[in-house]
Amino acid sequence: MSEHLPILVVLIPLFCALLIFLAGVFQKRAAWAIASLATFLAFAASVKLLALATAGGRISYRLGGWEPPWGIEYVVDYLSGYVLTIISFIAFMIAVFSRDYVKKQVGLDREVNFYAIYLLLITGLLGMIVTGDIFNLYVFLEIASLAGYALVAVGKKKGAIVASYNYLILGTIGAVFVLLGIGHLYMVTGTLNMADLRGLLPGLYHSKVVLTAFAFFVIGFGLKFALFPLHTWLLSAHSLAPSAVSSILAAAVLKVNVYALIRVMFTVYTPEFIYNVVPLAEIFFIIAPVAILAGSIMAIAQTNIKRMLAYSSIGQIGYITLGLALANETALTGSLIHILNHALMKGGLFLIAGCIIYQTDIYDISRLKGMGRKMPVTMAAFTICGLSMIGVPLTVGFISKWYLALGVLEAGRWYFIPLILVSSLLTAVYFWRVIEWAYFHKAASEEALPGRKIAEAPVLMLIPIGIIALFCLIFGTAAFIPEEFARRAAEFLLGGI
Amino acid sequence: MIDFFLLFFLVISAIFAVTTRDILSSVIVLGSYSLVMAVLWTRFNSVDVAFTEAAVGAGITTFLLIAALSRTLRIEEEPEIRESVFPLFQRLKNLLPLFVVLATGAVLVYSTLDMPSFGDPKAPANLHVAPYYIEKSVPETGVVNFVTAILASYRGYDTLGEVTVIFTAGICVILLIRRRKR
Amino acid sequence: MKELIIIRVVARLMIPFIQLFALYVIAHGELGPGGGFQGGVILGASFILHVLAFGLEESRRRLSEKVTDLLNPAGLLLFAGIGLICLIGGGMYLEYDRLPVTANPILASQLGIYGIEIGVGITVAAIMVTLFFEMAHRHDD
Amino acid sequence: MMIELIQGKYVYWFYITLMMIGFYAMIAKGNLIKKIIGLNIFQTAVFLFYISIAVSEGSTAPIMLAESYGSLDAGTVTYTNPLPHVLILTAIVVGVSVTAVALALVIRIYKTYGTIDEDRIARLEQESP
């Protein structure tokens, strides 16, 4: 059966989504259990696939039994195995978290559809990761996008629908741009298979069609993962969605779109093209620092905790693009670890925000007074994820920044070092504010919420948060684990197939 | 020559659909736009796509738009005149979409310079993967409509994705606007 | 209500033909233009015509919410399920040649393609009806 | 030379014009339904581009002619490249799905705010978030 794993990892959530919907006509209770089980199975399959790819290299699966490039191919290699494992893990954690949260914040009557759409979102994301066919990538991109738009609109605040609509319009522009890019490539090569494109393109690198296609890919995926000047939709979408959804959007959806761009950059095109033919690195060298600084500074200015987290995502995306632009293995390793990193930290932080909102309905940072004593587990997890976000040693956040800094020096661009330091400092400022309110201010005699005692969230919400925080520490101390996988993937990307 | 007129009609109707303030007529013009598009595609030998566009673009999309209009507003609201603190900045901001659109258009026109000419049988797209389907689909799948052969068999997985997309859209709409009863 | 009589008579007359045509389009996809998607849309359109002529209430009585809700995933399940059956026959996902129903690979492939076209048709028609019902339904009354 | 260029490329320029009309409506129009109409124009223009990739002179629709049924090869007739048609069939479905979800959102927005004009919604949102 293990030879069919690449397709099964996508089919499991798909079938379970259908099952939830079918079962939901009669029985509404089963939805959460099925969703958790499905994401767990997908995670188990991903781990197995990662192990297989690490042991045996590239795994190819021919859908319909047709040889590529005539049929569609699924490919699991170091990079896709690595990202697959991260995304399915986070999806599992968020699914477990959702039980009580969704019941309260979304409502029983919409629960069935919520979980069905959640699993379809996961189907789309996993499909995007394993596919080796560029048009298939577009199809799964649209599955994930549509599900994402609807999930944002579930948010309780009325602005959520408008946020969802804006997300839809900009997301669709991004998707259509990607479609245009695919069309341009198909026009001059006649193929849609990524490996085949890689073989055919080098002779055409200076063709205006191929150059234009690349520009459309960068802008299209850039819109999807909120590359700096294209980030406007992100703030309202991530801050007004239900926290479980914000978490999956920040931890998984952004990351998979970054992954898709990396795929296009390194598998469809080659390092030779992106670093020598087009001025992509030069453009990213301008965009990334602005994104890092602007994201951090704007995060400091926020009073709403979810908006603060949303702004910080923009800065973190800046780090990833900086690593991509530096064009050496160390920096690329840093970028890939940062994908893991940000998935854990931001996924965890949004879930923690969800816990606080679930228990207290507090969005305002200054009202978190004394929360450290009332919700000790939640705030401890927050502190760990926050420290990791700052990049304190012994947390996973430190590892990626360390690699990025090494990569910066290796590329001879030392002037980015102060940037990394300053932005870490700024990050410290906005996280410290929360920690300070939570631990060093006495709760002013329950004045925040009269007549209600604040306690920890239900256990099923605390467990995923605890596990995520634990992983932040484990990967920070046993740094060789993420390092090993990321380095292999980076080597593989830069060295070619 | 007919193609030219059809394309010209498309441009005119697109401009009309975008500029008119009565959204209902805009929707109807969009329907005829889709229909003319279908005619054009028939002339380009893509009968399956033309069929679909006639059914979906001119049919379903128009239905959905009119259904949505009946529950919202038919006439586009006048833009609100608001005092701006920085009038110059506001004017620049209003020009931004136009600039973005023109820049994108310029890039696209630039790329056409290296494209194979329209209708060139020797274009790379028609030489690499495509001939295999035409040669092999009957002996391998037993289907004489090549489009169906690829859609259902060679790229059947894309079609599974496509059905998943429409299914997703269906439950999304249920999630968003189904009336809660009881 | 009087002015609806002509519409209703014509609709009653036309709907069976439209549905027959839809089935023809679904089945004919292997030989000519058409297929599950186009046929499904036409099938969906025939119900929409029914709604336009007889009103939402009447149509919902004919085709209840529960039925469309069950049909929505049913077609997709059929499609994806056929793919899984191919695994049992020892093939790759969606490799219809290996469908364990007949030894003749061409026939198996044709059957597989028919099966998925029907699956596409069911889901598309049901979703089209669902979309229209949800969109046309006024919430406030 | 110039005439050849125009003859070979004018279809592409038409589709670019269409795309830009749709794109402009998507980002510049304040009315939410107008944006969706622009989205449809934008998408169909991209579809037109794909279909025009497949066009080759002197070819026939990609359905095997009845007279070549018996012989298993495609014969001497040249058929139009069917692959872009398949891709666009998929993309059309995606397009109508996006339109449906967008319209559902617009209906909800109108119910909540009583307007479908972007600026008015922004003002209402500012006044009472």
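Here is the naming used below: chain letters follow the sequence lines, and residue numbers restart at 1 for every chain.
Interface residue D:T80: backbone and side-chain heavy atoms are both found under 4.5 Å from chain B. At a 4.5 Å heavy-atom cutoff, the contact between D:L18 and chain B is made by side-chain atoms alone. Contact of D:Y10 with chain B is made through the side chain alone, with heavy-atom distances under 4.5 Å. Contacts of D:M19 with chain B are made by side-chain atoms alone, with heavy-atom separations under 4.5 Å and no backbone atom involved. Heavy atoms closer than 4.5 Å to chain B are found in the side chain of D:I16, but not in its backbone. If you measure heavy-atom distances from B:F44 to chain D, the contacts under 4.5 Å come from both the backbone and the side chain. The part of D:T60 that comes within reach of chain B is its backbone (N, CA, C, O), which places non-hydrogen atoms under 4.5 angstrom from that chain. Heavy-atom distances place the side chain of D:F49, and not its backbone, under 4.5 Å from chain B. Heavy atoms of D:I109 lying under 4.5 Å from chain B are absent altogether. Only the side chain of B:M37 has a heavy atom closer than 4.5 Å to any heavy atom of chain D.
Closest of all the heavy-atom pairs between B:R155 and D:L83 is CD-CD1, 3.6 Å. Counting all heavy atoms, side chain and backbone alike, B:N126 lies closest to D:I53 at OD1-O, 3.8 Å.
None of B:F4, B:F5, B:F9 except one satisfies the ring-ring contact (aromatic ring centres under 6.0 Å, His included) rule with D:F14; the exception is B:F4.
In this structure, the side chain of D:K34 does not engage the main chain of B:S26 through any donor-acceptor pair within 3.5 Å. Of the possible polar contacts, none joining the B:D48 side chain to the D:L89 backbone as a donor-acceptor pair under 3.5 Å is found.
The distance from the CD1 atom of B:I177 to the CG atom of D:L105 is 9.0 Å, given to the nearest 0.5 Å.
With respect to chain D, the highest number of heavy-atom pairs below 4.5 Å among B:S13, B:C172, B:P116, B:G57 belongs to B:P116.
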